[in-house]
Structure formats: C-alpha cells, structure tokens
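In what follows, a structure is listed as structure tokens, so that the remarks can point back to it.
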Amino acid sequence: MEINTGDTAWVLASAALVLFMTPGLALFYGGMVRSKSVLNMMMMSFIALGTISVSWVLWGYSEAFGESWNGLIGNPFQHFGLDGLLGERVFGTIPAAAFVAFQSVFAIIAVALVSGAIADRAKFTAWTVFTVVWATIVYFPVAHWVFAFDGFAADKGGWIANQLKAIDFAGGTAIHINAGAAGLALAFVLGKRVGFGKDPMRPHNLTLVMIGAGILWFGWFGFNAGSALGANGTAAVAWVNTLAATGAAMLGWLVVEKSRDGHPTSLGAASGVVAGLVAITPACSALTPVGSVVLGVVAGAACAYAVGLKFRFGFDDSLDVVGVHLVGGLIGTIGVGFLGSASAPAGVDGLFYGGGVDQLWRQVVGALAVLVFSFVVTYVIGTVIQRTIGFRLETEAEVAGIDLEEHAETSYDINGLASGRFGTGSGAAVPTAATKTHEGASA
Amino acid sequence: MEINTGDTAWVLASAALVLFMTPGLALFYGGMVRSKSVLNMMMMSFIALGTISVSWVLWGYSEAFGESWNGLIGNPFQHFGLDGLLGERVFGTIPAAAFVAFQSVFAIIAVALVSGAIADRAKFTAWTVFTVVWATIVYFPVAHWVFAFDGFAADKGGWIANQLKAIDFAGGTAIHINAGAAGLALAFVLGKRVGFGKDPMRPHNLTLVMIGAGILWFGWFGFNAGSALGANGTAAVAWVNTLAATGAAMLGWLVVEKSRDGHPTSLGAASGVVAGLVAITPACSALTPVGSVVLGVVAGAACAYAVGLKFRFGFDDSLDVVGVHLVGGLIGTIGVGFLGSASAPAGVDGLFYGGGVDQLWRQVVGALAVLVFSFVVTYVIGTVIQRTIGFRLETEAEVAGIDLEEHAETSYDINGLASGRFGTGSGAAVPTAATKTHEGASA
Amino acid sequence: MEINTGDTAWVLASAALVLFMTPGLALFYGGMVRSKSVLNMMMMSFIALGTISVSWVLWGYSEAFGESWNGLIGNPFQHFGLDGLLGERVFGTIPAAAFVAFQSVFAIIAVALVSGAIADRAKFTAWTVFTVVWATIVYFPVAHWVFAFDGFAADKGGWIANQLKAIDFAGGTAIHINAGAAGLALAFVLGKRVGFGKDPMRPHNLTLVMIGAGILWFGWFGFNAGSALGANGTAAVAWVNTLAATGAAMLGWLVVEKSRDGHPTSLGAASGVVAGLVAITPACSALTPVGSVVLGVVAGAACAYAVGLKFRFGFDDSLDVVGVHLVGGLIGTIGVGFLGSASAPAGVDGLFYGGGVDQLWRQVVGALAVLVFSFVVTYVIGTVIQRTIGFRLETEAEVAGIDLEEHAETSYDINGLASGRFGTGSGAAVPTAATKTHEGASA
Amino acid sequence: MKLVTAIIKPHQLDEVKEALEAYGISGMTVSEASGYGRQRGHSEVYRGAEYTVDFVPKVRVEVLVDDIDAGSVADVILKSAQTGRIGDGKIWTVPVEDVVRVRTGERGVDAL
Amino acid sequence: MKLVTAIIKPHQLDEVKEALEAYGISGMTVSEASGYGRQRGHSEVYRGAEYTVDFVPKVRVEVLVDDIDAGSVADVILKSAQTGRIGDGKIWTVPVEDVVRVRTGERGVDAL
Amino acid sequence: MKLVTAIIKPHQLDEVKEALEAYGISGMTVSEASGYGRQRGHSEVYRGAEYTVDFVPKVRVEVLVDDIDAGSVADVILKSAQTGRIGDGKIWTVPVEDVVRVRTGERGVDAL
Ligand SMILES: Nc1ncnc2c1ncn2[C@@H]1O[C@H](COP(=O)(O)OP(=O)(O)O)[C@@H](O)[C@H]1O
Ligand SMILES: Nc1ncnc2c1ncn2[C@@H]1O[C@H](COP(=O)(O)OP(=O)(O)O)[C@@H](O)[C@H]1O
Ligand SMILES: Nc1ncnc2c1ncn2[C@@H]1O[C@H](COP(=O)(O)OP(=O)(O)O)[C@@H](O)[C@H]1O
C-alpha cells in the first residue's frame, strides 16, 4: 500500500511534539520541588528518555505491537531491534517506522510521569533500574492491551482494544491511570519524605512550572490529535476537544481555589491544564466540544479536590500523580461512557446521550483492569528493588539534598559569589588523584 | 469535497504552534516585570487560554465565522457549541474543525497581548471578566471583518476582507493593532503604576524573556505560514519572509540601541524579534524577501524609538504593547501599501513597486478602522469594569506585590532557606478552620 | 511539477523546528556560563538569527545552492535576494521557497554553535562581524559541498555530495565538524578566559541547560528527519534513529560519569543528549536502529572523555564545542563507514556490515576536508578580526562581567531588593543629557 | 567610633540613603535580612496546602561613624525610615575599637 | 543592652525561633550566611571538572536583649540549635549602647 | 574576645580565606552585602530607559578572635584584600563579651 504523505507528516510532527512533552514534564515537576532536588526531579524524566528509547527499539515495540499472545502481550522477539520495520512496510497510511516513532514517545512519558510520586527521595540508580523493569513488565503489556488494534501492526492485538472495545483514544488508561496507579504503589513502597505534612515544601520556581505546563499543552496536541494516525477530520476534532477541555479544566480548578482558598493560583492554573489534558486524552475522539467543556470543568474541579487526598490518607504522592493523573484518567475514561456522542468521530453515544450503559461498563472495566494490574505489579517491583539494591535514599542525604548526594551538582548559582576551588577532576583524562591538587583559587 | 491531508497536517501543526505562543508570551512578559509580579503577569496570559478556549467553542467561532450580518459580525447562534462543524464538513481543503482549531488560538493570543499594557496593577478577577467581554465585543467582530472571506466558512464574510480588500494575511490589524489600541485604552483607564517613571522597574529575569522570544518566533511560523491554510508555495514564501523580516528587525533595533544608548541589549534583541514578527504578520504573503528585510529594519528601528513614547506622553503601557504591537502592526499593515510586490503570492504592487496608492489607502483605512473601534470600545469596557467591580488594585497591595495579593504565591524560592510553617490547608479536603493548626514546623 | 502537500507540510514544520533550535542552543549555552555572562552567551546565538537570516536571503542561499563553480561554491548572484524562487518553482516535491526555508536555519545554527568555544570574552561587535564573514567564507561554501545535490536546486552541486559521495544526511560535516573546528580555531585566537583552569566556572543555572537540551532534541527531529525533504519512510527511519542514538548516548555519557566521577549528572545527561544528536546527524538515514544505539553509546562515552581534552592541552573551548560537536561529528560521519547498513534507507553497507572500506574512506575524506578547511580559514578570519577591530574583551571588563560591559544589563533581579534610580534615558526620545536628571528615587 | 546598624523596610532604603548623603555620610554597607516581630508574615497556598511564612523582608544598613556623629546619624535614619506602620524596624549602636580602610591602610576616623 | 548573634544550621531555625518565642522574645532578625570551619564543604563535578565548595550554608540570628536576659537568651539558642554534629555554629554577645524603634522613636528597653 | 568584620571585594574572598588559614584562623562566617561609597555603581539600559544602580557587590567576612589576635587578623585581611583600587572596603573591630560553640557549649577562647 502507498503511504499518504500528509498523514505521515502529521504523525512525524506529532511524535516530535510528544517527545517534547518529557522535557516539559521535567520542568513542570522540577519547578514544584525544592531547589535542592530540582535536578534529580528532572533527571528522573530525562533518564527515561535514555532507557526507554533503547528498550523500545530493542524489545519494547515488539512486546507492545508484535503478534499477540492471547491479547495480553505481543511477541517480544518478532521485531527485536525493530527488525523488519525499516523498509516499505506500511501501517494504515503511514510508514511502519512512523508508527514506531509515535508510540515510542508514549512509552517514555508514561514512565517519566510515575516519578512525580516519589520526589526527593529515590536513589537514582534504583529509579533507573525501575524504569526498564516497569516498562517491560507493566507498560509494554498494557500498551498492547489498549493500543494494538487487530490487523493494524499485527493480525491480533490487545484485549481492551479488540475484545472489551473500551474507547481510549490516546491513552487515558494505558498512560495516565497506569502511571497514576504505579505512582501510588511507589509512594507506599518508598514512604513519606522527611518532614512530609510538617515542613513547608513549596515549589521553588513557579516560572519553570509554567514553562513546563506550556510545553505539555503544546505537545499534547501531538499526543491526542496525533493519535488519529493521520491528518483528517478525527484529528481536527481531537485537536479542538483538547483545547476546549483543557481551557475548561483550568477554569474549573481556579474556581475551586478561588472559592475554597480565596485565591486562584498559577500553580492551580498549570495543574488545571494538566488535569484537563489528562481527562480529555481518552475522550477526545468521542465527545462534542461542548461535552469536552463539561468533562474539562469536572476534571479540573475534581482534581483540585483530589490533590488533598494524600494529606487525608497520609501517603506522600509528592507531585500528585494520583490526584491528577489517576483521578483525571479515571474521569476521562469513565466520562466517555457518560458524555460520548455519536456525532463525534468515535460514533458512540454515552449514557447522557441515550446510549445506555453499554459503553459505560466497558470503560469502567478497562479503567479498573489497568488500575489494579499496574498497582499490584508496581508494588511488587518497587518492593523487590527496595529489598535488593535499595530504593529509598538515606535520611541524611535526603535532608541535605538529593541533588548533591546523587548528582554532585547545584542547580543555581545566580549571584556568582559562591567561593570554590577548581580541580581538573577526572574529566581531564588524567588520573583523578593527581588532578585533585586544586592548583589555585580565587572566586 | 475531499480534504487534502498535507494541507490539514500543516494547519493542525500550525494551530499547535500558535497555541504555544501564548505560554511563550507569558514568559516573555513575565520576565520583564519585577519578581513580585511575574506570576500575575503569566496568569493574565494563561487565564485567556481558559476563558477564550471556552468562549470560542461556545459562541466565539460562530460570531467570527458564522453567516455575516452586513459584514460586521457573524451570527453567534448558527454554530453555537461548534454545532455542525464536526462531521465531514470541509472548508477549502481542510476539515472545518481544523479551521476552527487554527482560528481559536488567534483569539487567545490577541487577548493575552493586551495584558502587557497593564502589568502589576490589575485585579485578577476583573481581568478575567475583561477577557471574555473584550473577546466578545471587540475581537470576535474584528476577526470577522478581517478573516472571514466570502464563501469560505460562510457565504458572506467581513467588510475588510471582502469589501475594502485590505491585505492582512495573518492579522496585523485584527491581532496587533487591535491588541495595541486596546492596551493603550486600558493603560489610560487603569493609570500608571505606583512609581512609574521614578522607581526602577527593570526586568527581573532576562533569560525568561529570551525563552519567551524564542517560543514566540517558533510559534509565529504557524501564525504566518499557517495562515495560507495549506502546505503550498504561499506558505513557504510566508515562512521565508517571516524569517527575513524578523532577523532584519532585530538588527534594526540593536543598531538603534548601539548608536543611541551605547549598547545592544538582549532585551533589545528580543524586542526587535517581536517587532519584526508583528510587522511581517499582515505582509508576509505580499512582499518579496528583500522587501521583508526592508520592512523588518524599519519596524525594528521605529519600534526601538516608539517604546519611549510612553515616557514622553506619560501613559504607563508597561510592557510596550503600543510601542511594539500597535506601532509594529501599523508599519506592517500600511507597509504593504508601499512594499507590496506583484511577484509575491498576494500579487499586488504597492506604491514603491509602481502600484500607485490603490492598495495603500485600503491598508490605511483598514488599520485605522480597527484602531479606532478597538480603542473606543475597549475604553468603554475598561471604564465600566473599573466603575463596577473595580479594575485597579489597591495601592498597598500593588506595592507589596500583586503575586502575593492576588495569587498568594511566591515566584521563586531559590535558596530554600526561607522558613515557614506548613498547614494542610483546605486542600486536605477537610474544613479549613480545623486544619490551620500548623501541626509542627521546621524549615 | 506539482508539489506534494504532505512533503511540504513536513519540510515547513521541520524548518520551524530547526529555527527553534537556535534559541534552544542559547539557553543550553547560557545556563552553562556564570550568571555574569549569560546574556552575552545568549546574544551570540540570537545575533546569528539576525545576521544570518539577512545574509541568507541576500546572497547566502545562492552561494550555497546556486549553479556550482567546480563543485566548490554556488553562484552568489544567481538568486541574489532569492530572485526567481518565489513563484511556482518546485525542487523535488516541494516549493523552492520551502527548501530555502529549511536550509536557512541550518546556516543559523551552524554559526551559533561556534560561539560556545569563546564564552565570556568576545567583543560583541566583533562576534557580530564574525558571524557574517564566517558564514560567507566558510559555511555557505561548505554547505554547497555537502548539501547541493546535482539536479536538485541547480544542475551542478558540490563535490562532497556528488563526486566524493560521502554520506552526510543532515550535516555531520557541514554543521558539526565545521562548527567544532571553527570553535577550536577561535579558542586559539582569543586565548583562555581569565582564571581558566583555576577559578570555578560552574554552570549558573542547570534548569536552563535542561530546557535548552529539551528544545534541541525536539528541534533536531526537524533537523534529521526533515532532511529527507519529504514525509516518507526515510524520514520515519531517520526519526527513529535520532531517538535511539540520542537515548543511548545519554546512557553512555552517564555510565562514564558514574564509573569515573562517582555520580551521573544532569549536565552529563544534557551533554550526552547533544553528543548523540550530533553523532546521529550524518548517519540517521544509513544505520539500523540497533546500529544507531551502538553509535549513540560510543558517541556519548567518547565525548564524555573528550570534554577533558581542553584541560590536558590547555585550550579554553569553554562550552566544549570541540569535545561534543567536533568529536561527535567525526564519530557520526566516520561511523557511517563502519555501521552503515544496506537495509537502511541510504542503502550502503559499512565495514562491519560487509561493505568493505569503500564508504569508509569517503567518509574520512569528507570529514577531514571540512575539518581542515574550517579550522584554517576560521583561524585566519579570527586573527584578522583580532588584529583590526579587536576580538578579545579587556581583562577588567571580562572579570567584572561581559553582560554589563557589552550589554549594560543584569540577567536576574530575583529578590527585587536591588536599589537603583530611574532615568528615562534616551528611550524617551528626548536628548539623553536632559533626561539623566533622575527625577526621584525609591526602590 | 561607632557602628550604627539599622533594620528597615526595603522600600525605605533609597530615602535613607539620600538622607544620609544629605547629612554628609558618604559610605555605608547594605544587606538583605528577614525580620520577625510584631509585623506579621503571610500565607501562601499551593494546591490547597497552606504555608505560613513568618519572616518579612528587611534591609540592614550599617554605617561606621565618628563618636560624635553616632546620635545624629541614628536620628537621620530614624526620620527617613519611618512610615509609622508596624515593622519599621530598629536602629542600634555598637562601639567600634578600630576601623581600617583596606585600600590605603588608613585607620580610625580617616578610614571612614 | 546586648546584641546576641548566633550562626546556626538552617534547619534549626524554626526550632530556635520557637524556643525564643517560648522564652518570651518577640523579635529577631535573620539573614543568610556561609560558614567556614571544621565542617567540610562538598565537591561538585561538571563535565568531569571538579569544583570544591568550601563554604556551607548557615543562618545568622540576631536578637537585641536587655542586659539581664543576654545570658539566658544565649542559652535558649544554644539548646534549640544544638544537634551535636560538627558545624552547629557559634553564639556571641556584643554590648549595645543604644536601641531605637523606628516606628515610634522609643529608645532603650522600650524599643525591644 | 573581638569580632573582626571586613567588607571586601568578592574577588578577594579566596585570597583572604587562604591568608587567614595560613595565619591559623580556622573558622569564619561570610555573607553577601552591597556597598555604597567612593566606588561608583553602574548604569543599565532597558528599552532605552536608564537605571542607575548605586550599590556594588561586596562580601562581608566575620572572624571571632582572641583579644591578642585581633590586630594581626585585621592586618592579615588588610594585606590579602588589598588591590589598591577604590572600593577595597573596610575592616572594623568590635569587642565581644562572650562566645559559645553551639555543638559543645564550650565558652570563650575554647569556642573559637
Ligand atoms: N529584639 C529584636 N532583635 C533584633 N531585631 C529585632 C528585634 N525586634 C524586632 N526586630 C527587627 O525589627 C523589625 C521590626 O520589628 P516589629 O516588631 O515587626 O515592628 P516595630 O519595630 O514597628 O514594632 C523586625 O522585623 C526585626 O527585623
Ligand atoms: N572564628 C570564627 N569566627 C566567625 N565564625 C566562625 C568562626 N569559627 C566558626 N565560625 C562559624 O561557625 C560555623 C561552625 O563552625 P565549625 O568549625 O564548622 O563547627 P563547630 O562550631 O561545630 O566546631 C562555621 O560554619 C562558621 O560559620
Ligand atoms: N561609613 C561606612 N560605613 C560602613 N561601610 C562603609 C562605609 N564607608 C564605606 N563602606 C563600605 O566600604 C566599601 C568601600 O568603600 P569606598 O568608599 O567605595 O572605597 P574605599 O574604601 O576604597 O575608599 C563600600 O562599598 C561600603 O561597603
């Protein structure tokens, strides 16, 4: 079959947009922690760009989109190293490699999202190991369930897409519920930060948070509208719904803040944006724009309340992966069962549009299946890592600051007055001991 | 009619690019104010992303592109909630929803631009109300005048596009003159900041300004080249002209600075970039690349002088919406009348290319019509808001810092030494009073 | 010939992505210097956006892609001012102007890259002059050698592309080796910074570095996959290889750091990303994804060592243009000769895939030719500038900070307590002397 | 000699500086500080969680003066720093045994 | 009157503040400082080049007190700032000749 | 005991620190300051509007010393901080009544 260049152009552009979301997430998360842990926070996202890129190319793609084993997992050996996907192979209307590209960045950000739950206290090596293990055991299979449609990249695909037929256009279950449930599990495994609920841990740089939110929104158009895998009417509707729901969610969050706390905040606006984006992710092909506005307002307002759950129940989901991604993902996924409209591209009426509960129960089952699977398996993975190489940082290092401990770096040196001495270190390609002579000093 | 996937891909990508400009503007503006008001400055842009997204979906699109009432305004009820635009409907060569998407982000940034004139001193709620009212009464109608071509989205469109036939490819009048005139009106309504012309109000973070300028330039390729509504030769020429004029404008601004003040500055470079982008916006389909260089140099140099007008005339257009957007928009719009070349896609010769004054007077009339309409109506809207709910912040709150007053947030906590106590607040989903016990403390 | 809208859409989007890389580079570089020189560092990139945009439109494009003079240089007068490229002219499947657009941003970033070698100590006016001279004498000709294929934009193109037939898909030689060699030459011409190898010169803002690295990676998909000049299978494979090699290079760099210095750093992650992007640039159409992973690991690890060379040999390549771009560019360009696989779009087997040394020697010759040419000519240009208008800043100004000296600006004013007095300055469009009365003061 | 130290509101710094200049004081050292006292801090709210910041920004001004000037300098600062609202700050005076100008090595009153 | 100055670890600030409040001290001035002493700094590595930072972050707490309180205030700070690990800091006391409250012009003990 | 305070140019800090170390001083406290004096500030220009910054960055170094060391310590700082150009700063000495090491509670000279 011939490729369609317009569809290909849009998918390649979308893939780049989604890649950009992970650095965006690094900034969004990084701005929210204290200045002594911003680099580690950003590194947890960046390392996923490294480990998951490589895993994806080697076995991840094949595990997600290779020939299905009972709808549960793809054959990881079939396309090992992307074997057989470089040439003239076409999926739908685009080159196979374009589909590989597009799906790769979903895997990366799904992993990076989880890190928000364990800010400031995870050993970096342990987290690095976790990214690979979690992707392999949790994400790639779940992506298979949700994104592998029969007859597209392989004859047989995953059970949620093909048997259950839950609608999840761009990954409300596979990405957000999945990452949210995993974050919750890790928050339990690692325990609370020193001083959680007592010390003030306010965001150290809200301009970073806003940059991150801006990049996320921008990239999310690739995430959602790109999931049409072509430049067509479905993509355009997904685009518009992504705008409408997100704007509405920002308003929803801010109205809650204004009425409850007295002030609409910039962190609230950024958080509302993300909540709206999460909620519309599964639903963007299934709702009308007005339905999207409704979904957005509900998601924004609900998540604004949900972020308080961690204080009530005492788990330290530091940057609210649960409150925003799990809750937002549930609202969006289940919301399709209520707000779906046959006039939207997905063509399915939800409960409120006279479609009964047929689609609703599918959505609920899909959402819960991913939630439970992810939570349980992640809890096991996290526990094994904690019991073997250790996951949680030592208390003293955590208090002194994880950036110094794990990365030997300081995030900012704005005034430039900090004194210090220079050693050529080992970077000089000469033995370290010899170079630590610190041959002079003046700040 | 069939959609063209290549055109659709480009329009969807362009729409995302233009969406990204508003967070970019937030950073550009945010870096220029003092650190005590950066969050409010960014929030004035972000809230437009919320309110205008929703307004656009509900009635804004229809008001701008619904069936025309005498060339002055579209029928706001025809496509209320984007009714009738989701299906197979095609405008030109793209899905109707793609056009809706592309135009939505123009509305958002037009509103956000205005905020630069009233930095540091506007009540956030009043600004929020203003965004909706101004979009409804000023922007949507003007967009109709300029962007609604007969027979594209509706049979009859706006008077500037179809009767006057002024050339405004991407919105020099509808966006920049419009926002600039509105900014001027609001600067009068709100009055000067405390200490204007006396206190130093230097930019608190020029790296933010540069990030913002970079994002704006990047996004502006969607703005200008995307306005071709297809991936064609016109788009490509618009792209090249957008580069040429902008680079030239940066040089123009810096040369003025170097010769007048002794130093070319980074704020000058960023400002020159924006001035060039503004000026080439209406003109990018009508000029040759050499013509674009000329327009850019003129715009950069002229705006470098124009930003000083506020000190001479004593109005506090804090971030130079007048000096850059109004002046740059006028130069670009009227410049088409001089520099237009029939060899460019628009195919019209200006005065300098032997075309006489025919196009020139059309450009002048279009520019002035928007300027006067926007200034007058905005002045009225601003005054009504000031007299009813109040627009201007209390002096004491302004001096203490609008971020704390309006958003209860602090932008940066870089050194992390700030002491403070934690209260679970109302986010804990339990009554506020009970949780303000501040159950412990250690920084 | 008809244009293909999908190909055009992708090339226009790619061009915008590559444009975005230069502001990204400004941040990447800017974050690495001390806070007293961040603005100058960013300005060295920004000014290239100005000067090279204009030079490109006037004579640069024609010099690079006009009719060839012996494969060495294009005719600079043929398309002066882009004459003859606006209309219906088509190159391959895209409008001529789209090709002009795409190649313009390569020229800009090539120039900007060089600045990393001479951080903190170059007179800004001299650098501005250098950008134009270097582009004209070095970059445009080298771009002709490498990127001008016979029969595409002109009948006859450059010698590396057409006679030597070295594979350099997106500019490993023309951009990275070229800029790296030029940086080395300038580092010699300007000499070391005051305190080099003694004073601590740690990065003042690593979050900026990470933002920059994120933008670079994002934009690089346009750079590499866009170089297919169409939305096709080659572009898709280039995209996937760009992901795989970059992720692998980050891991390679971090593993070296972890084993050598004890800590994987965020600066290392960002640097590894760039090293990987550089290395895969020439190779992205010629390798399999597995080959790309191998190339990436090698490049990341090798560059992690190569950045230490400057201390050993005592040249102050401040931000490691040599260690990352020259070394990375050599690894990628020559790596094609080893790792090239006939199953990739370029269809050439390298030494490791049984292709013998045929392609290898071509790669080596191409790489060395550019390296030597660039180094020698740049050294001459730099020396002439130094001997005439002076290139190196005065010592005292360098120590006090180049931002204040050259741009009269301060990068950050975060706490806002800095006292100061306001003068309307010359911006008020009234004579400076009269306005320096400082009519009052209170911070 | 004496060292007169004043903790004042940041906004009053320029007025204090000008008043001191007018009085004939040509040098001073200024630094940032945070104050705790009758003047209350403020609350911030992030994702619904409330933080109370107890300290308010202040500026410290230090002036080395001759013994006979100490009282008047304190008065000059007092007048120029006063806004009458809570949190205006404190001024205190400490005896100094020796002062040296680093550039010249001059000592005592000559070093001021 | 006396000025009691303490250089302490940043983390102890809230405890010191609360202890002083409990003792009845209602005002103090705090600022950032960097300390050099037995407590070592740390090393950082950027692109393989090592930097040694010798100074460690500290907080300076200053309290103006009546003569008779000086000793007890120093003791209160001592107890609340102590962690027993190297780098806990110093407390010193300096005689003060005069204190003024800027807001009211009150002097001496009334100004505290 | 005495407290020797020096306001110096930021660039001289490392030299001062090394000179003090060489002399045998093992502890000190450093903080940022802004100075006003003979040394002029600078002008900045933003969109044509000029701002004059009057204060120049300085560093404050404080050393607690035994009475007999006070003079020599001031001299050591004097020599190491001197560049001979305007703005080199001041050194002054203040009497201290009591010093405590927080970690151990040691007092007086033992606490240094
Ligand atoms: N006992 C004290 N010792 C040191 N500084 C003090 C003391 N009391 C107050 N201050 C400083 O003076 C500032 C103003 O004091 P405050 O009690 O708020 O107002 P006022 O002096 O107007 O009654 C405080 O912020 C603090 O910096
Ligand atoms: N002689 C001194 N003069 C001034 N400050 C000092 C002096 N010695 C120590 N300090 C301060 O006290 C802090 C703690 O001192 P240090 O020697 O590290 O630990 P300890 O007091 O527990 O032995 C130092 O960081 C420094 O700020
Ligand atoms: N009277 C003073 N009181 C306190 N600090 C002072 C005084 N005079 C000068 N200083 C400090 O000393 C610094 C250097 O003083 P300055 O007059 O600029 O140069 P110099 O001491 O070389 O004549 C000033 O920046 C300021 O920090």
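Reminder, nothing fancy here: chain letters follow the sequence lines and each chain counts from 1. Computed over heavy atoms, backbone and side chain alike; hydrogens, waters and symmetry mates excluded.
With chain E as partner, the option from I86(D), V4(D), I8(D) having the largest number of non-hydrogen pairs under 4.5 angstrom is I86(D). In terms of heavy-atom pairs under 4.5 Å with chain D, the best-connected choice from V30(E), I25(E), L112(E) is V30(E).
Interface remark: I77(D) contributes no atoms to any contact with chain E (heavy atom separation under 4.5 Å). Contact annotation for L3(E): only side-chain heavy atoms (C-beta onward) come within less than 4.5 Å of a heavy atom of chain D. Heavy atoms of V96(E) lying under 4.5 Å from chain D belong to its backbone as well as its side chain.
Contact record, P95(D) with P95(E): CD-O, 3.5 Å, taken as the closest heavy-atom pair.
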Atom pairs, donor to acceptor, chain D/chain E, distance under 3.5 Å:
from   : atom 1 : to      : atom 2 : distance (Å)
K2(D)  : NZ     : E97(E)  : OE1    : 2.8
K2(D)  : NZ     : E97(E)  : OE2    : 2.9
S34(D) : N      : V30(E)  : O      : 2.7
S34(D) : O      : V30(E)  : N      : 2.7
Y36(D) : N      : M28(E)  : O      : 2.9
Y36(D) : O      : M28(E)  : N      : 2.9
Y36(D) : OH     : E21(E)  : OE2    : 2.2
D54(D) : OD2    : K17(E)  : NZ     : 2.5
R60(D) : NH1    : E62(E)  : OE1    : 2.8
R60(D) : NH1    : E62(E)  : OE2    : 3.2
R60(D) : NH2    : S31(E)  : OG     : 3.4
R60(D) : NH2    : E62(E)  : OE1    : 2.9
D75(D) : OD1    : R107(E) : NH2    : 2.9
Q82(D) : NE2    : V102(E) : O      : 2.6
Q82(D) : NE2    : R103(E) : O      : 3.1
G89(D) : O      : V102(E) : N      : 2.9
K90(D) : NZ     : A111(E) : O      : 2.8
I91(D) : N      : V100(E) : O      : 2.9
I91(D) : O      : V100(E) : N      : 2.7
T93(D) : N      : D98(E)  : O      : 3.0
T93(D) : O      : E97(E)  : N      : 2.8

